[in-house]
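Notes follow once the structure below has been shown.
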Amino acid sequence: MSQLNRHWRPQSHTVQGIDLDIVIDLKYLAQGLKYLESKFNFDSSIDNTQRRQHHQYVNVDESTDWSDTKNIDIMQYKNKNGYFPDKELFYDDEIRKKVKLFYAEDFKLCEKAAQTFSV
């Protein structure tokens with residue numbers, strides 16, 4: 001696992017063996033920061049209102065199977081149209097199963113965060 005590119009490595013692997021007091025899913029970053037500010041008596045200057053990902057994704061013809069498309073073809077599509085197809089279109093049932101299995105522990109961490117910070 002440690003030889004896998006860090007971007008794709010499960011976060012649960014990175015924190016393996018560390019006793020975490022809290023897990024904050026990015027979906028709940030604003031609530032998590034408020035909690036941390038209160039607990040540790042500090043004022044966060046982190047602006048989490050701005051999107052960090054600047055790519056545009058839009059729904060396109062959903063009958064097109066994008067799950068086995070080469071990167072060059074995706075980039076050509078983006079350059080021609082100005083946006084990427086919706087991310088969900090890159091997943092077929094087999095890929096969804098593999099992702100759920102591979103990142104199962106990460107999903108558990110996110111569920112824990114959701115229980116802590118859900119509105």
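- In this structure, V99 is not a member of the same hydrophobic cluster as L109, with clusters built from ILVMFWY side-chain heavy atoms closer than 4.5 Å.
- The number of heavy atoms from other shown groups lying within 6.0 Å of CD1 (I18) is above 12.
- Contacts of Q11 classified as side-chain contact (heavy atoms from CB on, under 4.5 Å), with partners at least two apart in sequence or in another chain: D106.
- Atom OH of Y91 sits in a sparse spot, with 12 or fewer heavy atoms from other residues, nucleotides or ligands closer than 6.0 Å.
- Cluster annotation: V23 and L29 are assigned to distinct hydrophobic clusters (Ile/Leu/Val/Met/Phe/Trp/Tyr, side-chain heavy-atom contacts under 4.5 Å, transitive).
- Without hydrogens or angle criteria, D73 side chain to T69 main chain gives no donor-acceptor distance under 3.5 Å.
- Between L4 and F102, the closest side-chain pair of non-hydrogen atoms falls below 4.5 Å.
- Applying the side-chain contact (heavy atoms from CB on, under 4.5 Å) test to K39 and every residue at least two apart in sequence or in another chain returns Y35.
- Expressed to the nearest 0.5 Å, how far NE2 of H13 lies from CD of Q16 amounts to 6.0 Å.
- Side-chain atoms of D86 come within 3.5 Å of backbone atoms of E88 as a donor-acceptor pair (strictly under, hydrogens ignored).
- The salt bridge (charged side-chain N to carboxylate O under 4.0 Å, His left out) pairs that include a residue from residues 9-25 number zero, where partners must be two or more places apart or lie in different chains.
- I24 is not connected to L20 by any chain of hydrophobic side-chain contacts under 4.5 Å among Ile, Leu, Val, Met, Phe, Trp and Tyr, and they are in different clusters.
- Annotation: salt bridge (Lys or Arg N to Asp or Glu O under 4.0 Å) contacts of E105 (sequence neighbours excluded): K108.
- How far CG of N79 is from CD1 of I74: 12.0 Å, rounded to the nearest 0.5 Å.
- Expressed to the nearest 0.5 Å, how far OH of Y28 lies from SG of C110 amounts to 9.0 Å.
- Proximity of Y77 to Y83: side-chain heavy atoms (C-beta onward) are separated by under 4.5 Å at one or more points.
- Under the 4.5 Å side-chain heavy-atom criterion for ILVMFWY residues, a single connected hydrophobic cluster contains both Y103 and I95.
- Under the rule for a side-chain contact (heavy atoms from CB on, under 4.5 Å), the partners of E94 that lie at least two apart in sequence or sit in another chain are D92, K98.
- For N5, the side-chain contact (heavy atoms from CB on, under 4.5 Å) partners two or more places apart in sequence, or in a different chain, are H7, W8.
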